2 protein chains.
Amino acid sequence: MSNTARVCECLYVHTDAIEQVKAKLPEDETLFELCDLFKLFGDATRIKILYLLFEKELCVCDIASLLNMTQSAISHQLKVLKNSKLVKFRREGKVVFYRLSDNHVKTIIAQGMEHLAE
Amino acid sequence: MSNTARVCECLYVHTDAIEQVKAKLPEDETLFELCDLFKLFGDATRIKILYLLFEKELCVCDIASLLNMTQSAISHQLKVLKNSKLVKFRREGKVVFYRLSDNHVKTIIAQGMEHLAE
DNA sequence: TTATCATATGAACAACTGAACATATGAAAG
DNA sequence: CTTTCATATGTTCAGTTGTTCATATGATAA
């Protein structure tokens, strides 16, 4: 093998290049949090709920009607989004209104849409 | 509680809000594409692979070594990323080098990281 | 040709996920 | 108090997903 030729590191695992790349990889804990975040966006029902909340706060029943799904299914997903701090809620009598927690949700989804457009 | 087929049993639906919001929801096809995109980022192995490719192109074996996983597992995930146009590859003899397709991957992941930081 | 190396692929399986269903909770009205 | 309505939750279950294992493919060298 010549010195300039790139060789697969299968037999030479500890090269400088490998160590260099490895150094830039975030902690496992961070990466798990990151992919947990993206998992939230990786479901059609949840994406739709978040999209609906772009416009204004909505109650559980509004969302269920809009998406033509059961109240139970929506409530379960709202719980997931709530636990992940992506949505907040306020109670008004028997009705619970949900809204987006912050603008990151919009930005992330917008970025995804932009990717699709190309 | 006999009619289980009913979608939403609520009587108090915010009709005006629903009409306003419904108009802004994208097509189902678009939403499915969008959540399919985010599904790709919703797995720790794939996120790690993409992160590694931030730095430089790597062959399958490099990635397997870096992540301490089997060549088969990496190859399967690279196929998923390849099919989704998130990575490209070039062959050099027996070795196949993978790289990111474009900058959207970086931007989307960066946006996710920014969300975590707050 | 045959051997070897890097990668790809098919099958099998366990773990995870999301919706349906039944039921529980909590708030307001009667 | 009891009833009713909006929402929450526990369980079940089918469908999906990611890894492992075995094997195939494709390129290079002997």
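Keep in mind that this is a model prediction, so the values were computed, not measured. In the text below, chain A, chain B and the rest are named by the order of the sequence lines, each starting its count at 1.
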**Request:** Could you name each residue pair satisfying ring-ring contact (aromatic ring centres under 6.0 Å, His included) that touches residues 46-70 of chain B, not counting sequence neighbours?
**Result:**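 Listed once each, the pairs are B/Y51-B/F54.
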**Message:** Considering only residues two or more places apart or on different chains, which pairs with a residue in residues 68-91 of chain B satisfy ring-ring contact (aromatic ring centres under 6.0 Å, His included)?
**Reply:** B/F89-B/Y98
Gap between atoms [atom1] and [atom2], on [X] and [N] respectively (whole Å):
X     : N      : atom1 : atom2 : result
A/K94 : D/dA6  : NZ    : P     : 6 Å
A/F89 : C/dG26 : CZ    : P     : 13 Å
B/E92 : C/dT7  : CD    : C1'   : 15 Å
B/R91 : D/dG26 : CZ    : P     : 9 Å
A/Q71 : C/dC21 : CD    : P     : 13 Å
A/L67 : C/dA19 : CG    : C1'   : 14 Å
A/R90 : C/dG26 : CZ    : C1'   : 17 Å

Quick one: does any side-chain atom of [X] pair with a main-chain N or O of [Y] as donor and acceptor, under 3.5 Å?
X      : Y      : answer
B/S75  : B/Q71  : no
A/R91  : A/G93  : yes
A/T107 : A/N103 : yes
A/S65  : A/C61  : yes

**Item:** Trace of the side chain to side chain contact (heavy atoms under 4.5 Å, CB included) decision for B/D62 with B/L52
**Value:** CA-CA 10 Å; B/D62 287 337; B/L52 293 177; over 6 Å; no
**Message:** Please list, in numerical order, the residues of residues 72-85 of chain B that have a heavy atom closer than 4.0 Å to any atom of DNA chain D.
**Reply:** B/S72, B/A73, B/H76, B/Q77
**Message:** Under 4.0 Å, heavy atom to any atom of DNA chain D: which of residues 30-49 of chain B qualify?
**Reply:**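 When residues 30-49 of chain B is checked for heavy atoms under 4.0 Å from DNA chain D, the hits, listed by number, are B/D43, B/T45, B/R46.
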**Prompt:** Once you build an axis from the first five pairs and another from the last five of the helix from C/dT1-D/dA30 to C/dG30-D/dC1, how far apart in angle are they, to 10 degrees?
**Reply:**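 Taking the rotation axis at each end, their angle is 10°.
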**Request:** Would you check, one step at a time, whether the test side chain to side chain contact (heavy atoms under 4.5 Å, CB included) holds for B/L34 with A/F41?
**Result:** CA-CA 8 Å; B/L34 188 59; A/F41 297 94; over 6 Å; no
**Asked** Nearest 0.5 Å, what's the CD-CD distance between A/E55 and B/Q20?
**Response**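 One finds 6.5 Å between CD of A/E55 and CD of B/Q20.
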**Message:** My understanding is that only residues two or more places apart in sequence, or in another chain, count here; which of them pass salt bridge (charged side-chain N to carboxylate O under 4.0 Å, His left out) with A/D36?
**Reply:**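 A/D36 satisfies salt bridge (charged side-chain N to carboxylate O under 4.0 Å, His left out) with A/K39 once adjacent residues are dropped.
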**Request:** Indicate, with yes or no, if B/L116 and A/L81 share a hydrophobic cluster defined by side-chain heavy-atom contacts under 4.5 Å among Ile, Leu, Val, Met, Phe, Trp and Tyr.
**Result:** yes
**Short side-chain N/O contact to D/dA8 OP1/OP2 from A/Y98, under 4.0 Å** = yes
**Message:** Below the 4.0 Å mark, does C/dA19 have OP1 or OP2 next to a side-chain nitrogen or oxygen of A/T70?
**Reply:** no
